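Below is one structure, written out as structure tokens; the observations come after it.
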Amino acid sequence: MLTFHNVCSAPSSFRLTGIPGLESLHIWLSIPFGSMYLVAVVGNITILAVVRVEHSLHQPMYFFLCMLAVIDLVLSTSTMPKLLGIFWFGADDIGLDACLAQMFLIHCFATVESGIFLAMALDRYVAICDPLHHSTVLTHTVVGRLGMAALLRGVFYIGPLPLMIRLRLPVYKARVILHSYCEHMAVVTLACGDSRLNNIYGLSIGFLVLILDSVAIAASYVMIFRAVMGLATPEARLKTLGTCGSHICAILIFYVPIAVSSLIHRFGHQVPPPVHTLLANFYLLIPPILNPIVYAIRTKQIRERLLQVLKIGAKVR
């Protein structure tokens with residue numbers, strides 16, 4: 001590790017604190033975090049398996065759901081094993097390159113997930129406002145291209161973040177990151193150099209993803225509600241809106257924790273550090289846990305397939 005002026009240094013690794021201020025409770029915190037991670041992994045793998053074997057689910061909405069499941073597995077797995085390692089073994093050291101890779105995965109796939117929600121809103125719009133052309137507009141090829149576009153957008157938006165840190169901010173005033181993972185601002189605040197460009201770029205990307213995507217999704221649902229209100233009977237309206245229920249729940253599960261965490265991080269200077277870190281971890285865990293539950297409860301085919309598997313398991317015993 002190179003040192004300059006006995007103040008700033010060029011570290012080869014950082015040290016993550018886990019949940020700052022709650023170090024004495026790490027072993028107990030590992031129980032809920034480990035349980036939530038296990039539920040997230042099992043739930044999303046189950047969704048992937050059910051959609052794969054159930055041919056009636058080979059439709060655009062469920063292909064997008066599988067993309068969400070993969071993204072949620074990446075998001076939770078990019079942070080939770082390291083956090084549990086800190087809790088259980090005190091393995092708090094993380095190399096610089098590993099730190100930047102973790103940062104890229106977290107922010108990139110959060111951006112990709114937002115893009116998939118936007119694609120799902122398009123799917124619901126076409127299914128309700130132009131149902132006769134739904135199967136011809138959203139073919140398997142188009143669905144795949146939309147997923148690839150969301151992935152490429154995430155890489156394009158987030159790729160510069162770790163590169164700018166690597167190239168522009170080589171020295172740091174400390175190597176202890178007061179966080180449980182390598183969150184962008186938590187790393188940038190340790191830098192000795194001018195980090196204004198990093199801050200501006202990070203805020204700009206946050207605006208593009210959070211604000212523009214949510215506005216586009218809201219606009220699609222305004223058009224959907226206008227089409228639904230034109231249906232003849234209340235029963236038809238409720239049935240049509242019911243097809244959007246899972247998507248709306250998933251959107252709220254994703255955007256609300258991110259919005260709350262971002263606002264507290266930017267403006268909640270009086271909020272204790274443990275609350276910051278806990279919220280940041282929850283927003284990476286809550287969607288992976290709740291998305292499979294929401295879709296399993298609200299989707300008849302998934303629910304029936306799961307019940308069938310459970311009955312077979314009970315008979316085997």
Side-chain angles (χ1 to χ4, degrees), residues 33-34 36-84 101-124 138-159 162 181 209-210 213 217 246-255 257-258 281-299 301-303 305-306 309:
F33 276 101
M36 288 188 288
Y37 177 55
L38 180 63
V39 170
V41 171
V42 171
N44 285 287
I45 289 176
T46 301
I47 290 292
L48 291 170
V50 169
V51 173
R52 185 178 185 276
V53 301
E54 187 62 54
H55 293 287
S56 64
L57 296 177
H58 291 183
Q59 303 172 29
M61 183 172 73
Y62 301 107
F63 290 143
F64 288 131
L65 177 59
C66 287
M67 295 178 195
L68 282 184
V70 172
I71 293 166
D72 286 340
L73 285 171
V74 173
L75 283 174
S76 55
T77 303
S78 63
T79 56
M80 284 304 112
K82 181 62 181 176
L83 180 60
L84 293 174
Q102 186 188 54
M103 179 192 301
F104 172 77
L105 286 174
I106 293 167
H107 294 294
C108 175
F109 279 89
T111 303
V112 175
E113 185 155 5
S114 183
I116 296 301
F117 280 125
L118 187 57
M120 293 175 81
L122 173 64
D123 168 64
R124 291 298 84 206
L138 283 166
T139 61
H140 291 183
T141 301
V142 171
V143 170
R145 287 175 179 172
L146 288 171
M148 183 58 66
L151 176 61
L152 291 176
R153 186 186 73 152
V155 173
F156 178 76
Y157 279 3
I158 304 302
Y181 59 83
V209 174
L210 188 62
D213 282 9
I217 291 170
S246 300
H247 184 224
I248 293 173
C249 289
I251 288 171
L252 293 175
I253 289 167
F254 177 73
Y255 282 107
I258 286 184
N281 281 282
F282 285 148
Y283 106 70
L284 293 177
L285 270 177
I286 289 174
I289 291 171
L290 293 184
N291 282 343
I293 295 173
V294 167
Y295 278 93
I297 291 173
R298 296 191 61 85
T299 304
Q301 296 97 318
I302 295 177
R303 188 169 64 249
R305 190 72 180 187
L306 287 174
V309 170

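Values below: all heavy atoms of this structure, side chains included; hydrogens, waters and symmetry mates excluded. Being a predicted model, the structure only gives us computed values, none of them experimental.
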Ring pair (Phe, Tyr, Trp, His ring centres under 6.0 Å) involving F117 - partner list, sequence neighbours excluded: F254

Using ring pair (Phe, Tyr, Trp, His ring centres under 6.0 Å) as the criterion, list what pairs up with F156, not counting sequence neighbours. none

Within the side chain of S114, is there an N or O that forms a donor-acceptor pair under 3.5 Å with the backbone of T111? no

Does any N or O in the side chain of H58 come within less than 3.5 Å of the main-chain N or O of V51, such that one atom is a donor and the other an acceptor? yes

Sequence neighbours excluded, which residues qualify as side chain to side chain contact (heavy atoms under 4.5 Å, CB included) partners of [X]?
| X | answer |
| --- | --- |
| T79 | Q102, I106, Y181, L284 |
| L122 | V126, L146 |
| I297 | I293 |
| L306 | T46, V50, A296, I302 |

Quick one: which residue pairs count as a salt bridge (Lys or Arg N to Asp or Glu O under 4.0 Å) with a foot in [range], not counting sequence neighbours?
| range | result |
| --- | --- |
| residues 102-113 | none |
| residues 74-84 | none |
| residues 40-63 | E54-R305 |
| residues 143-155 | R153-D213 |

Set of residues satisfying side-chain hydrogen bond (donor to acceptor under 3.5 Å, both in side chains) with respect to Y37, sequence neighbours excluded: T77

All side-chain hydrogen bond (donor to acceptor under 3.5 Å, both in side chains) counterparts of N44, not counting sequence neighbours: none

